[in-house]
Amino acid sequence: MKKLQTIQHIVEHGVVAVLRGKDANEVAEMAEQAIAGGIKAIEVTMTVPSALKAIEKLAAKYSSTTSDPGKFAIIGVGTVLDPETARAAILSGSEFVVGPSLNAATVALCNRYRIPVMPGVMTIKEIQEALELGVDIVKLFPSTTPSAIKAIKGPLPQANIMPTGGVTLDNVGDWISAGAVAVGIGSDLTNEAVKKGDLSLVAARAAQYVQAFKAAKGR
């Protein structure tokens, strides 16, 4: 049941913050600002030094089962290349796992522990393989244009697709209209804040993305 609820939360909130930074503390602060701005799904990438520490810190502060809106968030891990890394992240508190590519062993590990896994895919063949392995949402990466989703939905209308990379405030609506169930936002969320040395700017940018998603969904 927890896996289904996590997937439902991701689809309902629709925007996943894909966070990279110089260290665990910076990424944890980015995450807190993104959550304050309304983004409720956080992906801490394993390219961050001591990424598991950031996941542990965030998982201790936020929960996907709380009734307190200020403490609600889904903490996940990204850039996972193998099942060993996935298990370490899960034990650190990660509630979902994202990879840049499709790794069958990683999918099997996540399915074993009933943790949603979103592998990166580019082709119809990869998406079909992911579906056959039991993947619920595939990450279109690198994403190109919203028309790619429409093309994929032709032969695979049952695929749940989350584009990551190439998503901006200007085209969020186009991605949703094309059939994306959620979108992943990376550097566009944090670049200005890092450049100016003011991570509080992440919250304002997050709020803009949340509003754009809601508008695209007609909420």
Side-chain angles (χ1 to χ4, degrees), residues 6 9-10 13 15-64 66 68 70-101 103 106 109-110 113 115-120 139 141-143 162-169 182-210:
T6 301
H9 286 322
I10 291 172
H13 293 282
V15 181
V16 179
V18 183
L19 301 179
R20 295 180 173 84
K22 64 182 181 182
D23 55 38
N25 289 332
E26 181 179 62
V27 166
E29 186 176 350
M30 286 178 177
E32 291 180 3
Q33 292 294 336
I35 293 167
I39 292 179
K40 298 301 183 179
I42 303 296
E43 177 187 329
V44 177
T45 65
M46 286 302 296
T47 54
V48 177
S50 302
L52 295 182
K53 291 183 179 180
I55 292 172
E56 289 174 355
K57 180 178 180 179
L58 293 167
K61 183 172 182 178
Y62 300 98
S63 171
S64 63
T66 182
D68 182 352
K71 295 294 183 180
F72 175 84
I74 312 155
I75 309 303
V77 62
T79 321
V80 174
L81 305 179
D82 49 57
E84 293 82 6
T85 303
R87 187 170 188 273
I90 291 167
L91 293 176
S92 295
S94 178
E95 295 187 85
F96 64 92
V97 172
V98 182
S101 61
N103 181 282
T106 299
L109 182 284
C110 292
Y113 290 100
I115 296 293
V117 56
M118 294 178 276
K139 167 186 168 181
F141 178 78
S143 54
M162 180 182 75
T164 300
V167 180
T168 67
L169 279 173
V183 294
I185 309 298
S187 58
D188 189 54
L189 181 65
T190 59
N191 272 350
E192 183 182 9
V194 172
K195 183 178 180 180
K196 294 183 177 180
D198 182 3
L199 293 184
S200 68
L201 295 175
V202 172
R205 192 68 169 173
Q208 290 178 309
Y209 269 104
V210 171

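Numbering of residues begins at 1 and proceeds along the displayed sequence.
A distance of 12.0 Å separates CZ of F96 from CD1 of I90, quoted to the nearest 0.5 Å. Note that the CD1 atom of I10 and the CD atom of E95 stand 9.0 Å from one another [nearest 0.5 Å]. Separating the CD1 atom in I35 from the CD1 atom in I42 is a distance of 4.5 Å, to the nearest 0.5 Å.
For the salt bridge (Lys or Arg N to Asp or Glu O under 4.0 Å) condition, the pairs that include at least one residue of residues 24-51, sequence neighbours left out, are E32-K61.
Judged by distance alone, the side chains of T66 and D68 never bring a donor and an acceptor atom under 3.5 Å apart.
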Next on the checklist: Please evaluate residues V98 and T79 with respect to the criterion side-chain contact (heavy atoms from CB on, under 4.5 Å), reporting the C-alpha separation (whole Å), side-chain torsions for both, the decisive distance (0.1 Å), and the verdict.
Outcome noted: CA-CA 6 Å; V98 182; T79 321; over 6 Å; no
Item to check | Derivation and outcome, side-chain contact (heavy atoms from CB on, under 4.5 Å), residues V77 and V44 | outcome: CA-CA 5 Å; V77 62; V44 177; 5.7 Å; no
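Remark: side-chain polar atoms of T164 are not paired, donor with acceptor, to backbone N or O of F141 under 3.5 angstrom. Looking only at distances, a side-chain donor or acceptor of S92 sits under 3.5 Å from a matching main-chain atom of A88. With hydrogens and angles ignored, the 3.5 Å screen pairs a side-chain donor or acceptor of T45 with a backbone N or O of L19.
Note on ring orientation: taking the six-membered ring where Trp is involved, the planes of H13 and F72 are tilted (angle from 30° to 60°).
Here the rule is side chain to side chain contact (heavy atoms under 4.5 Å, CB included) with I39, and of I185, V16, L189 only L189 fits it.
Residues R205 and D188 are paired through a salt bridge, judged by an N-O separation under 4.0 Å between the basic side chain and the carboxylate.
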